[in-house]
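Written out below as structure tokens is the structure these notes cover.
First listed ligand is number 1; within each ligand, the first listed atom is number 1. It should be emphasised that the depicted structure is a prediction, and the values quoted were computed from it without experimental measurement.
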Amino acid sequence: MSKLPVLVTGGAGYIGSHAVLTLHDADWQVVVADNLSNGRREAVPAGVPLVEVDVGDEACMEAVLREHGIQAIMHFAGSIVVPESVSDPHFYYRNNTVASHALIGAALKAGVRHVLFSSTAATYGAPETVPIDEDTPTRPINPYGHSKLMTEQMLRDCAAAYGFNYGALRYFNVAGADPKGRSGQAGKGATHLLKVACEAAVGKRTHVDVFGTDYPTPDGTCIRDYIHVSDLASAHVLALEGLIADPATSFTMNCGYGRGTSVLEMLDALDRVNGTPVKRVMGERRAGDPPQLVASNRRLVERLGWQPAYADSETIIRSALEWERRLNR
Ligand SMILES: NC(=O)c1ccc[n+]([C@@H]2O[C@H](COP(=O)([O-])OP(=O)(O)OC[C@H]3O[C@@H](n4cnc5c(N)ncnc54)[C@H](O)[C@@H]3O)[C@@H](O)[C@H]2O)c1
Ligand SMILES: O=c1ccn([C@@H]2O[C@H](COP(=O)(O)OP(=O)(O)O[C@H]3O[C@H](CO)[C@@H](O)[C@H](O)[C@H]3O)[C@@H](O)[C@H]2O)c(=O)[nH]1
């Protein structure tokens, strides 16, 4: 397999830094582009160049792509918090959709051949049945999901017209940390359930709010499909290899385990791993939350041969908790 030079946008952030580690471990030539708005310089391994740049700056991005002879992009950079997208949609369309438009423009000018895009389960909206396969209609219920779906559409049309290929990976809920302790979630103002709960477990917060207990689910709380970030990173490398091996084909694939876990089940599992219960405060629903999102991952498994290594819930939680303790030291 030829290991082309790869640009990882958002590579100083949570998921991007794990993809960088996986690529770097496998001897790919990697360059990171990140504006550090929510990323950390320390998350980029020694020996990997970090270019501090906004991906929405087309001219700068074109220069970066040309300077490093980049042939493939993994595009993680963007804004990620569903409720924030409801309160500030204009920013989400700018930082996700408009910035991606600029990046695609730079990629076209610099002759990039493959683009792998961080999409999301939020593109499906609130489907009535699970598991969700890739042919499920996409009907986002929040601006975040729309901002990502619009980028998928741009990639689809531009790939058809200009002759590069792309993969859209629709992640379900990403959680956990590098099993070797080299990276984990460390962005500002955590909002993700497991991150917030781990912060409470190590004493950085007093409690966890449970957003909504009256959803149409067995225990009344939302169900999500939590995927370990290192399994997601390995899916990216397989997907990149797939794009390189078959440059005439683009694809859209879900990334999840096909297993639903409710908010309360997640908190119960954390209590078991932690040994001490974290205080829960039952509250109102949060804006923009669909009741349940669980992936069908058949395409990822069958087409790319993906084999997750860290799927056990307690493994995910243990890695997240160890990372949180490390941050707290
Ligand atoms: N975390 C999840 O559960 C999840 C689920 C589905 C999809 N995603 C997608 O995965 C990607 C990565 O998410 P994450 O959880 O690692 O978030 P993150 O905030 O940790 O990482 C995003 C990185 O992008 C950088 N960035 C943001 N805007 C930028 C810009 N305009 N120019 C350059 N850099 C910019 C940030 O500094 C940060 O380092 C996002 O595109 C997100 O939408 C995440
Ligand atoms: O303090 C908290 C935080 C979250 N939740 C609930 O936990 C569930 C998961 O929420 P969260 O961890 O914030 O993730 P999501 O809102 O599901 O969104 C994540 O997962 C999506 C894919 O499913 C991605 O698109 C998004 O980028 C990513 O932020 C939801 O029901 C929340 O209401 C709580 O009850 N309390």
Among [options], whose heavy atom sits nearest [atom]?
| atom | options | result |
| --- | --- | --- |
| atom 22 (C) of ligand 1 | Ala19, Gly78, Gly16 | Gly78 |
| atom 36 (N) of ligand 2 | Thr120, Asp209, Ile223 | Asp209 |
| atom 11 (P) of ligand 2 | Met282, Arg224, Arg286 | Arg286 |
| atom 3 (C) of ligand 2 | Thr191, Asn173, Val196, Leu293 | Thr191 |

Salt-bridge test for [X] and [Y]: reply yes if a basic N is under 4.0 Å from a carboxylate O, no otherwise.
| X | Y | answer |
| --- | --- | --- |
| Glu134 | Arg298 | no |
| Arg318 | Asp312 | no |
| Asp268 | Arg280 | yes |
| Arg303 | Asp246 | no |
| Arg326 | Glu322 | no |
| Arg156 | Glu152 | yes |
| Arg285 | Asp214 | yes |

Relative to ligand 1, is [X] under 4.0 angstrom through side chain, backbone, both or neither, heavy atoms considered?
| X | answer |
| --- | --- |
| Ser37 | both |
| Asn95 | side chain |
| Tyr144 | side chain |
| Lys148 | side chain |

Return the closest protein heavy atom for [atom] as residue, atom name and distance.
| atom | value |
| --- | --- |
| atom 12 (C) of ligand 1 | Phe76 O, 3.5 Å |
| atom 16 (O) of ligand 1 | Ile15 N, 2.7 Å |
| atom 27 (O) of ligand 2 | Tyr144 OH, 2.8 Å |
| atom 30 (C) of ligand 1 | Asn35 ND2, 3.2 Å |
| atom 29 (O) of ligand 2 | His192 NE2, 2.5 Å |
| atom 10 (O) of ligand 1 | Tyr171 CE1, 3.3 Å |
| atom 19 (O) of ligand 1 | Asn38 ND2, 2.7 Å |
| atom 3 (O) of ligand 1 | Val174 N, 3.1 Å |
| atom 39 (O) of ligand 1 | Asp34 OD2, 2.6 Å |
| atom 32 (C) of ligand 2 | Asp289 OD2, 3.5 Å |
| atom 32 (N) of ligand 1 | Val55 N, 3.0 Å |

Going by the order shown, which atoms of ligand 2 are within less than 4.0 Å of some heavy atom of [X]?
| X | value |
| --- | --- |
| Ala121 | 22 (C), 23 (O) |
| Tyr171 | 22 (C) |
| Cys222 | 31 (O) |
| Val210 | 35 (O) |

What about [X]: any of its N or O atoms under 3.5 Å from an N or O on ligand 2?
| X | result |
| --- | --- |
| Ile80 | yes |
| Val82 | no |
| Tyr226 | no |

Between ligand 1 and [X], can you find any atom pair, the residue atom being a heavy atom, that is separated by under 4.0 Å?
| X | answer |
| --- | --- |
| Ala12 | yes |
| His192 | yes |
| Ser119 | yes |

Chi angles and distances behind the side chain to side chain donor-acceptor pair (under 3.5 Å) call for His18, Ser230: CA-CA 6 Å; His18 287 79; Ser230 299; 4.9 Å; no
Which ligand 1 atoms does [X] reach within 4.0 Å, using its non-hydrogen atoms?
| X | value |
| --- | --- |
| Ile80 | 13 (O), 15 (O), 17 (O), 40 (C), 42 (C), 43 (O) |
| Gly13 | 20 (O), 21 (O), 38 (C), 39 (O) |
| Gly10 | 23 (C), 24 (O) |
| Leu36 | 37 (O) |
| Val53 | 32 (N), 33 (C) |
| Tyr14 | 15 (O), 16 (O), 18 (P), 20 (O), 21 (O) |

pair [X]-[Y]: side-chain heavy atoms closer than 4.5 Å:
| X | Y | result |
| --- | --- | --- |
| Val210 | Leu267 | yes |
| Glu324 | Glu199 | yes |
| Thr151 | Ser147 | no |
| Ile104 | Val115 | no |
| Val64 | Ile70 | no |

Go through the steps to decide whether His192 and Ile80 satisfy the test side chain to side chain contact (heavy atoms under 4.5 Å, CB included), and finish with yes or no. CA-CA 10 Å; His192 289 119; Ile80 62 162; 3.5 Å; yes
Can you see whether Tyr124 has Arg170 sitting over its ring - NZ or CZ less than 6.0 Å from the centre and within 45° of the normal? yes
Working note: Asn142 + Tyr92, criterion side chain to side chain donor-acceptor pair (under 3.5 Å); need CA distance, chi angles, decisive distance, verdict. CA-CA 10 Å; Asn142 49 57; Tyr92 269 68; over 6 Å; no
Would Glu265 and Thr221 satisfy side chain to side chain contact (heavy atoms under 4.5 Å, CB included), going step by step from the backbone distance to the final call? CA-CA 9 Å; Glu265 285 170 341; Thr221 64; over 6 Å; no
Name the residue from Leu155, Asp157, Leu149 that meets the side-chain contact (heavy atoms from CB on, under 4.5 Å) definition with Gln153. Asp157
Under 3.5 Å, side chain of Asp225 to main-chain N/O of Gly258, donor-acceptor pair present? yes
Do His228 and Thr315 pair up side chain to side chain, a donor and an acceptor below 3.5 Å, judged on atom types alone? no
Between Phe211 and ligand 2, find which residue part has any heavy-atom pair under 4.0 Å and reply side chain, backbone, both or neither. both
For the ring pair His236 and Tyr171, is the centre-to-centre distance below 6.0 Å? yes
Tell me, please: is Tyr215 in heavy-atom contact with ligand 2, that is, under 4.0 Å? no
